[in-house]
Amino acid sequence: KNMGRAFVYVILGGGVAAGYAALEFVNRGLSIGELCIISQEPVAPYERPALSKGFLLPEAPARLPSFHTCVGANEERLTPKWYKEHGIELILGTAVKSADVKRKTLLTATGETISYKILIVATGARALKLEEFGVTGSDAENVCYLRDIADANRLVDAIQSSPGGNAVVIGGGYIGMECAASLVINKINVTMVFPEEHCMARLLTSKIASYYEEYYKSKGVDFIKGTVLSSFDFDSDGKVTAVNLRDGRKISVDMVVVGIGIRPNTGLFEGQLTLEKGGIKVNGKLQSSNSSVYAIGDVAAFPVKIFGETRRLEHVDAARKSARHAVAAIMDVDKTDEFDYLPFFYSRVFTLSWQFYGDNAGEVVYYGDMSGGGTTFGAYWVSKGHLVGAFLEGGTKEEYEAIAKATRLRPEIEDLGELERQGLGFAVTT
Ligand code: FAD
């Protein structure tokens with residue numbers, strides 16, 4: 001008979017948000033045995049962004065335990081021992097198969113029923129598969145996605161099996177761009193293929209994107225834009241030998257990396273919780289339509305106050321901060337305000353590094369030197385007479401803090417020409 005276990009708090013999912021939530025629980029005073037984390041992954045929560053960066057380096061690659069949460073914010077590194085010491089039950093390598101929010105129970109793949117008083121859903125997202133776009137064969141051993149440790153290990157194996165070889169990277173978002181850079185560093189020839197006119201199309205303007213594309217080209221990366229993959233060719237072992245593009249081209253490959261977007265893992269809660277923007281809709285306390293269930297990280301659609309609307313963000317800073325805020329709201333509701341989050345994205349490739357704050361809406365004002373790799377430049381977005389977004393490549397810590405602060409203040413902008421003239425100085429003096 002299934003006896004099951006009961007906890008006060010259960011975090012479903014063991015990714016970035018789970019790790020930061022656990023730390024916040026401990027900092028606020030958690031009792032032994034109150035909290036359980038259930039994760040499909042076989043390891044304790046870690047800083048997922050490392051998988052496309054340090055993890056893929058040819059020399060001294062990052063490996064666990066070095067990037068367990070919460071190193072990303074220069075906090076304590078939460079190894080399995082840390083969870084044990086704080087009386088937190090880690091149930092790893094275990095998928096939850098169903099949830100019943102009325103009964104407040106979860107059923108695991110191993111057949112155990114876990115009950116909770118408060119559930120925090122931190123299931124993140126999964127990589128979209130080519131099969132969802134009508135292409136078959138993406139389970140071949142030299143076709144790689146990148147979302148979790150298992151994917152990252154597979155990617156490292158593919159890299160090591162393709163010395164000096166050719167890779168095609170499908171998708172021009174940040175996974176594609178970061179993987180392409182890592183492949184180049186591993187001395188693999190890279191062709192990037194994506195349907196948009198330029199890379200990072202959801203965030204960057206064509207002018208900023210062209211700076212990065214030129215830099216990538218100087219490192220030997222080829223770009224094939226405006227088309228998509230239509231099929232793979234295979235050898236007798238089932239390995240992919242070439243990719244066929246819809247525009248008729250065929251490219252021989254040793255390996256393929258696919259980064260074509262993600263879908264939030266909401267499946268367990270469809271029909272039980274209100275969904276919005278593809279995620280679980282929550283209020284300013286990260287609480288869902290069921291008052292015992294909170295959602296944080298990539299799976300949560302929360303009110304972004306400075307935009308006056310609900311958004312779902314797929315970025316690590318939002319995962320960290322929504323996690324902390326949810327735990328604050330759970331443990332000390334009276335002293336916890338509505339979540340007031342300034343969207344923040346960043347990426348690091350080669351020796352380049354950028355940060356973006358706010359919203360990329362309205363008119364764009366550029367500043368700085370966009371002449372070539374390694375320079376400092378940026379852009380502001382001005383909407384309805386206010387500064388709403390800021391981007392900076394190659395800034396110092398102080399300069400990044402300045403654009404973050406300026407964006408949060410939403411200053412009125414009367415004269416775009418004057419903003420352009422002041423450039424980065426505007427943020428620094430605001
Ligand atoms: P996740 O970290 O994805 O964790 C979700 C967890 O839930 C996983 O452990 C998963 O196995 C588990 N889970 C899901 N369903 C179940 C189930 N039914 N049962 C049990 N467990 C389940 N963001 C940036 O801002 N900057 C970057 O440079 C950056 N780089 C990235 C690089 C890579 C390779 C990837 C994949 C992402 C990157 N991101 C980056 C995005 C960032 O990592 C995510 O926003 C963040 O991980 C979201 O945290 P989360 O806890 O919501 O989800």
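As the structure lists them, so they are numbered: ligands from 1, and atoms in each ligand from 1.
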Residue-level breakdown please: for [X] versus ligand 1, do any non-hydrogen atoms fall below 4.0 Å on the side chain, on the backbone, on both, or on neither?
| X | result |
| --- | --- |
| Thr94 | backbone |
| Tyr174 | side chain |
| Val316 | both |

Please identify which atoms of ligand 1 are closer than 4.0 Å to at least one heavy atom of [X].
| X | answer |
| --- | --- |
| Leu12 | 19 (N), 20 (C) |
| Asn265 | 14 (C) |
| Glu314 | 41 (C), 45 (O) |
| Gly297 | 52 (O) |
| Leu268 | 18 (N) |
| Ala95 | 19 (N), 20 (C) |
| Ala122 | 5 (C), 6 (C), 7 (O) |
| Glu178 | 28 (O) |

Taking atom types as modelled and ignoring hydrogens, do the side chains of Glu393 and Thr376 form a donor-acceptor contact shorter than 3.5 angstrom?
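Distance-only check fails for Glu393 and Thr376.
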What protein heavy atom sits nearest [atom], and how far off is it?
| atom | answer |
| --- | --- |
| atom 4 (O) of ligand 1 | Gly15 CA, 3.2 Å |
| atom 19 (N) of ligand 1 | Val96 N, 2.9 Å |
| atom 34 (C) of ligand 1 | Ile175 CD1, 3.5 Å |
| atom 51 (O) of ligand 1 | Ala17 N, 2.8 Å |
| atom 53 (O) of ligand 1 | Gly124 CA, 3.2 Å |
| atom 47 (O) of ligand 1 | Val16 CG2, 3.3 Å |
| atom 14 (C) of ligand 1 | Thr123 O, 3.2 Å |
| atom 45 (O) of ligand 1 | Asp298 OD1, 2.7 Å |

For Thr108, what residues pass the side chain to side chain donor-acceptor pair (under 3.5 Å) criterion, not counting sequence neighbours?
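For Thr108 the side chain to side chain donor-acceptor pair (under 3.5 Å) partners, ignoring immediate neighbours, are Thr110.
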Taking 4.0 angstrom as the limit, do Glu213 and Lys217 come out as a salt bridge?
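No salt bridge links Glu213 with Lys217.
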Centroid-centroid distance, [X] to [Y], less than 6.0 Å:
| X | Y | answer |
| --- | --- | --- |
| Tyr346 | Phe356 | no |
| Tyr380 | Tyr367 | yes |
| Tyr174 | His315 | yes |
| Phe377 | Tyr211 | yes |
| Tyr46 | His68 | no |

Candidate list Arg147, Arg126, Arg263, Arg48, test salt bridge (Lys or Arg N to Asp or Glu O under 4.0 Å), partner Asp298, passing option
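That would be Arg147; it is the only one of Arg147, Arg126, Arg263, Arg48 passing the salt bridge (Lys or Arg N to Asp or Glu O under 4.0 Å) with Asp298.
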From [X] [atom1] over to [Y] [atom2], what is the distance, rounded to the nearest 0.5 angstrom?
| X | Y | atom1 | atom2 | answer |
| --- | --- | --- | --- | --- |
| His86 | Phe25 | NE2 | CZ | 14.0 Å |
| Glu178 | Phe350 | CD | CZ | 11.0 Å |
| Leu23 | Arg320 | CG | CZ | 12.0 Å |

Closest to [atom] among [options] (heavy-atom distance):
| atom | options | result |
| --- | --- | --- |
| atom 22 (C) of ligand 1 | Glu41, Gln40, Arg48 | Gln40 |
| atom 49 (O) of ligand 1 | Pro49, Ala319, Ala323 | Ala319 |
| atom 30 (N) of ligand 1 | Arg147, Lys53, Met177 | Lys53 |
| atom 12 (C) of ligand 1 | Ser98, Gly13, Ser182, Ala18 | Gly13 |

Does atom NZ of Lys305 have more than 12 heavy-atom neighbours, drawn from other residues, nucleotides or ligands, at distances under 6.0 Å?
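Count over threshold, so yes.
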Hey, is Phe345 one of the residues with a heavy atom under 4.0 angstrom from ligand 1?
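No, Phe345 has no heavy atoms under 4.0 Å from ligand 1.
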Evaluate the criterion side-chain contact (heavy atoms from CB on, under 4.5 Å) for residue pair Glu112 and Leu107; output intermediate values, then yes/no.
CA-CA 6 Å; Glu112 190 181 12; Leu107 178 64; over 6 Å; no
